Amino acid sequence: MNKWYASLGKEADTVVSTRIRLARNLAGIPFPSRMTAEQRRQVNEQVRDALFADTTLGKQFKYLEMETLPDITAEAMVERHLISPAFAARREGKALLLSEDESVSIMLCEEDHIRIQVMEAGLAPEEAYRTANAIDDALSARLTYAFDERLGYLTECPTNLGTGLRASLMLHLPALEASGGINRLAATVSKIGMTVRGTYGEGTKPVAALYQVSNQVTLGISEEAAIENLRAIAAQAIQQERALRSSLDPDGIEDAAYRALGTLKFARAVTSQEFMELISQVRLGVAMGVIKDLPLATVEELMISAGPASIQAAEGKPLDPAERDKARAKLARERL
Amino acid sequence: MLCEKCGKNVATTHIKTSINGVVESHHLCADCARLSHAVQNQFGLSDLLGTFFGEGVKTVPYADKRKRCPGCGSCFDDIVASGRVGCGQCYETFLEQLLPSLQRMHGKAVHAGKRPRAEEAAPTRESELEALKEQLRAAVNAEQFEEAAALRDRIHAMEEEGKDHE
């Protein structure tokens, strides 16, 4: 089955992907940082059984006990944004429910008992929320959540109280970044309870001009309103990025994009950082129609499969950095 | 006092660390503090939350500080120290202490979103009234008096309406 990132979404020139996350906890059991090993096992199995009891949804998921996975597999999942870095680093007593196309991942006993995550290509917050909401309904039909009339869904970190919803977009903003406009965007976003982060979330640096925009406030705001705010911000960022792109020198863009593509097509060793810088240029060239015979979906798929762990997972063995750079160059040559 | 790192500027940031019982003090100017790893480490999310909660602590009477959550055994200091809440029941146990921090984090401290299936029943008049009173307290605390006045009128109207039905 094709993975979700192999398809192209709406506004794909600037919006790489949409992610919706819902945090839920079961009533009467301490939150993960205070759980015993036995309670972890219980929660994992209860949630798994609740999902598998749903005849339509159950069939689409497989259940993975994280401690049985090799390091490389877990790290490759982080690179594909399926799980959080913390979830991969300490896997004891944690489990994952993963859909076949990898668009839905449900982390069990991460910071909360249940973290439902839905990914969609391009700009699709409503669609992604609909999917997450259906899974949430299926689970809540069989499980009792920790919920309070006033505080909403109760979570280990009070920053997620209320809806437990984090709606985020991965935006490709090379022109806005080059013009120094990211700070302005960040200032605007913060006024409506949202935030701009680096590529891999909180505290990470932006790589290849990829930025995550997401809501910060979860209490006192409905799911619909939070998603609407995200859409409004996306519309602004898209419009600004496009305006700036069209004001760039087309010859310069064409030259830079083809140089980057040339390097990726012929290089014999490419580091992760160099790869991301080059692919960002190529992505811009394809998105602006300068590079014509390369589908954007191929670029997206390559971007998500070129991380250090993903390269090793694909090769099926651990590689040292030099070997990885060669394998990455080979992957790029084959795909491009 | 001059900055211990550059020796040029006045030290404005004073850091005390206690690692495995070894206590150290550092005095840095703003520029050096910004570069110092120690400061970056000190402002992780949990510390920020700790600070958030910490401000509530001052108003908590001594007896309450020893209160433990019946659900998981956490005391309020545990939550402040870790920035993490122990279990769902902690929110009920320490609601008074948590509310000021929650309002700072989210602005409003009343849920406005989805409800789990089992509890999907429409909010009762009592819960609505309670929510409005909570909003009123928040508005007064935030010195948003216009909003507070409007809320007060709504609460009065609802209470009058309630009397008519009785």
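The structure presented is a predicted model; accordingly, all values stated were derived computationally and were not measured. Each chain gets a letter, A, B and so on, in the order its sequence line appears, and its residues count up from 1.
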Problem - Qualifying residues under ring-ring contact (aromatic ring centres under 6.0 Å, His included), relative to B:His27, sequence neighbours excluded - result: B:His14
Practice task
For the pair B:Tyr91 (side chain) and A:Thr155 (backbone), establish whether a donor and an acceptor sit closer than 3.5 Å, ignoring hydrogens and angles.
Solution key: yes
Practice task
Tell me, please, which residues at least two apart from B:His111 pass ring-ring contact (aromatic ring centres under 6.0 Å, His included).
Solution key: A:Phe147
Fill in the blank from the handout: Note: B:Gly88 and A:Leu154 closest approach over all heavy atoms is O-CD1, 3.5 Å
Exercise for the section: Would you mind telling me which of B:Gly86, B:Gly113, B:Cys72 has the largest number of heavy-atom pairs within less than 4.5 Å of chain A? Expected result: B:Gly86
Handout entry: Reported CZ-to-CG distance for the pair B:Arg115 and A:Asp148, which is rounded to 0.5 angstrom
Key = 10.5 Å
Fill in the blank from the handout: Pair count under 4.5 Å, heavy atoms only, with chain B: among A:Glu224, A:Gln216, A:Glu223, highest is A:Glu223
Practice task
Output the option from A:Leu165, A:Asn25, A:Asn133 having the highest count of non-hydrogen pairs under 4.5 Å with chain B.
Solution key: A:Asn133
Problem - B:Glu96 atom CD, neighbour heavy-atom count above 12 within 6.0 Å - result: no
Exercise for the section: Name all residues meeting the salt bridge (charged side-chain N to carboxylate O under 4.0 Å, His left out) criterion together with A:Glu110; count only those two or more places apart in sequence or in a different chain, and write none if there are none. Expected result: A:Arg115
Problem - Over 12 foreign heavy atoms within 6.0 Å of CD, B:Glu134 - result: yes
Problem - Test item: A:Arg150 and B:Leu102 side chains (from C-beta on) under 4.5 Å apart, heavy atoms - result: no
Exercise for the section: Check B:Gly83 against A:Pro158 and note the closest heavy-atom contact, atom names and distance. Expected result: O-CD, 3.9 Å
Problem - A:Leu161 portion near chain B, given a 4.5 angstrom heavy-atom threshold - result: both
Handout entry: Flag if over 12 foreign heavy atoms under 6.0 Å of CZ, B:Arg137
Key = yes
Completion exercise
Scored by heavy-atom pairs under 4.5 Å with chain A, the best of B:Gly107, B:Cys90, B:Ser74, B:Gly73 is B:Ser74
Handout entry: Exercise: identify the closest heavy-atom pair between B:Lys114 and A:Tyr129
Key = CD-OH, 4.1 Å
Practice task
State whether the number of non-hydrogen atoms from other residues, nucleotides or ligands found under 6.0 Å of A:Glu127 atom CD is greater than 12.
Solution key: yes
Practice task
Using non-hydrogen atoms and a 4.5 Å limit, figure out which bit of A:Ile221 sits close to chain B: side chain, backbone, both or neither.
Solution key: backbone
Handout entry: Heavy-atom pair with the smallest gap, counting every atom of B:Arg84 and A:Glu111
Key = NH1-CG, 3.2 Å
Problem - residues 27-52 of chain A: residues contacting chain B (heavy atom under 4.5 Å, by number) - result: A:Ile29, A:Pro30, A:Phe31, A:Ser33, A:Arg34
